[in-house]
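To start, the structure under review is shown below, and the notes come after it.
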Amino acid sequence: MLRALGLGDFLTALPALRAVADAFPDHHRLLATDPALEPLVRVAHLVDEVLPARGLEPFDAPVTPDVAVNLHGRGPESSRLLVALAPRRLVAFAHPDVPAAAGCPEWRSEEHEVERWCRLLEECGIPARPGRLDLDVDAPYTGVTVVHPGAASGARRWPPERWAEIARSEREQGREVVVTGGPDEVDLASAVAATAGLPPESVLAGRTAILDLARLVSGAGFVVCGDTGVAHLATATRTPSVVLFGPTPPSLWGPPPDRPLHEALWAGRRGDPLAAKPDPGLLRIPVDDVIDAIGAVRDRLAGATRETV
């Protein structure tokens, strides 16, 4: 199985990965993905081995699979990478430049990421259920509010001063707040914490490996973030969340609508998800709307349990 992408991509593929595991229980299952994700892949108990992948570069280790499943994209590069391994069967979306994928399911651009890969498998005769998104991460409940201001591109980064207002609001309500981020987001997280009046020890950016971050989110009381991997961690661990969307609508990457404690905010304007500056649609989301959404989710939480979220 090929899914050489990031954290959110792995988590949205969980139902498809589970479907493949169910369909081929006696096979030795390999997942070609970013090696940084391996600890989380191990927790999911879906594969026997992680094959380190550097994007779509050829694999270092020779592999001749019985079945090759492209969960990476529509191709042609990703499908060609798998075709080069000479599998007996290719499961992939059709692409005119990949003859081996002729007759395979058609790609649909306006399809939720979770639904897309489950449909691919279904149309290839492999039963798949999109709702199997949960990830069981052993973590004590701390109840902290996780504020994650970063994202892979500038288009999905809400202004840091607005994140600081959210963190300050949570702190003023007596909640412990931590600010997370990757190693390259330490300055951003520190600025948010300082502006919000949080102590330096509240900044966890650059200090959490992938499994530590998953445990933090799993034990948290609430997550507030942009359209990034942490949002999918909140969904997978059933931690209540508010997620801010900018250039990409939540209908494509948002939390499932049947989980009421994960709220997506979107101004209804699309844009370039790879742009360097914050998307104009994202900037249309005011601080008060985010605070109100957090309160609304907490009100719903008061009448529910994590098993129903």
Side-chain angles (χ1 to χ4, degrees), residues 1-22 24-25 27-57 59-61 63 65 69-72 78 113-114 117 132-144 146-152 178-186 189 203-223 225-239 241 243 253 255 262 306:
M1 296 166 282
L2 175 64
R3 187 75 167 168
L5 298 164
L7 173 61
D9 304 279
F10 165 68
L11 294 170
T12 52
L14 278 175
L17 293 169
R18 289 191 165 108
V20 174
D22 290 345
F24 302 99
H27 283 62
H28 184 78
R29 297 183 301 277
L30 294 88
L31 175 63
T33 192
D34 183 342
L37 295 176
E38 182 168 0
L40 209 55
V41 176
R42 297 293 183 190
V43 167
H45 303 294
L46 295 174
V47 301
D48 300 295
E49 185 178 346
V50 172
L51 185 64
R54 298 183 299 276
L56 296 178
E57 295 181 17
F59 303 122
D60 291 334
V63 178
V69 184
N70 185 354
L71 300 175
H72 188 93
S78 52
E113 188 71 4
V114 175
W117 303 110
R132 302 174 71 188
L133 285 164
D134 292 349
L135 186 66
D136 186 11
V137 181
D138 185 21
Y141 179 71
T142 63
V144 301
V146 174
V147 173
H148 189 89
V178 296
V179 187
T180 56
D184 59 343
E185 295 171 335
V186 174
V203 178
L204 301 184
R207 296 166 50 192
T208 53
I210 190 69
L211 193 52
D212 296 326
L213 179 62
R215 287 171 174 153
L216 172 68
V217 170
S218 180
F222 212 98
V223 170
C225 63
D227 174 19
T228 188
V230 169
H232 299 287
L233 266 180
T235 298
T237 58
R238 293 184 179 263
T239 299
S241 63
V243 185
W253 280 91
H262 306 282
R306 284 204 173 190

Looking at Ala220 and Thr239, what are the two nearest heavy atoms and their distance?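 Result for this residue pair: O-CG2, 3.6 Å.
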Closest approach of Ala32 and Phe59, non-hydrogen atoms and distance?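 Heavy-atom minimum between the residues: CB-CE2, 3.6 Å.
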Report the residues that fulfil ring pair (Phe, Tyr, Trp, His ring centres under 6.0 Å) with His148, sequence neighbours left out, ordered by chain and then residue number.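 His148 satisfies ring pair (Phe, Tyr, Trp, His ring centres under 6.0 Å) with no other residue.
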For residues 32-42, which residue pairs pass the side-chain hydrogen bond (donor to acceptor under 3.5 Å, both in side chains) check, not counting sequence neighbours?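 As it turns out, the side-chain hydrogen bond (donor to acceptor under 3.5 Å, both in side chains) pairs with a partner in residues 32-42, which skip direct neighbours, are Glu38-Arg42.
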Under the side chain to side chain contact (heavy atoms under 4.5 Å, CB included) test, which residues partner [X], sequence neighbours left out?
X: Arg54; value: Glu57, Asp60
X: His45; value: none
X: Leu204; value: Val178, Thr180, Arg207, Thr208, Leu216
X: Asp22; value: Arg132

With sequence neighbours left out, what residues match Asp136 under salt bridge (Lys or Arg N to Asp or Glu O under 4.0 Å)?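 Expected list: none.
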For the pair Ser78 (side chain) and His72 (backbone), establish whether a donor and an acceptor sit closer than 3.5 Å, ignoring hydrogens and angles.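 No; zero donor-acceptor contacts below 3.5 Å.
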Give a yes or no on whether Asp138 atom CG has more than 12 heavy-atom contacts from other residues, nucleotides or ligands under 6.0 Å away.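 No, the 6.0 Å shell around CG holds no more than 12 heavy atoms from other groups.
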Measuring only between side-chain heavy atoms, which start at C-beta, is Arg3 closer than 4.5 Å to Thr12?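 Arg3 vs Thr12: side chains touch.
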Side-chain contact test, heavy atoms from C-beta onward, threshold under 4.5 Å: evaluate it for Arg29 versus Leu46 and give yes or no.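 Heavy-atom side-chain distance check fails, nothing below 4.5 Å.
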Which residues pass the side chain to side chain donor-acceptor pair (under 3.5 Å) test with Thr228, sequence neighbours left out?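 Checked Thr228 against side chain to side chain donor-acceptor pair (under 3.5 Å); zero matches.
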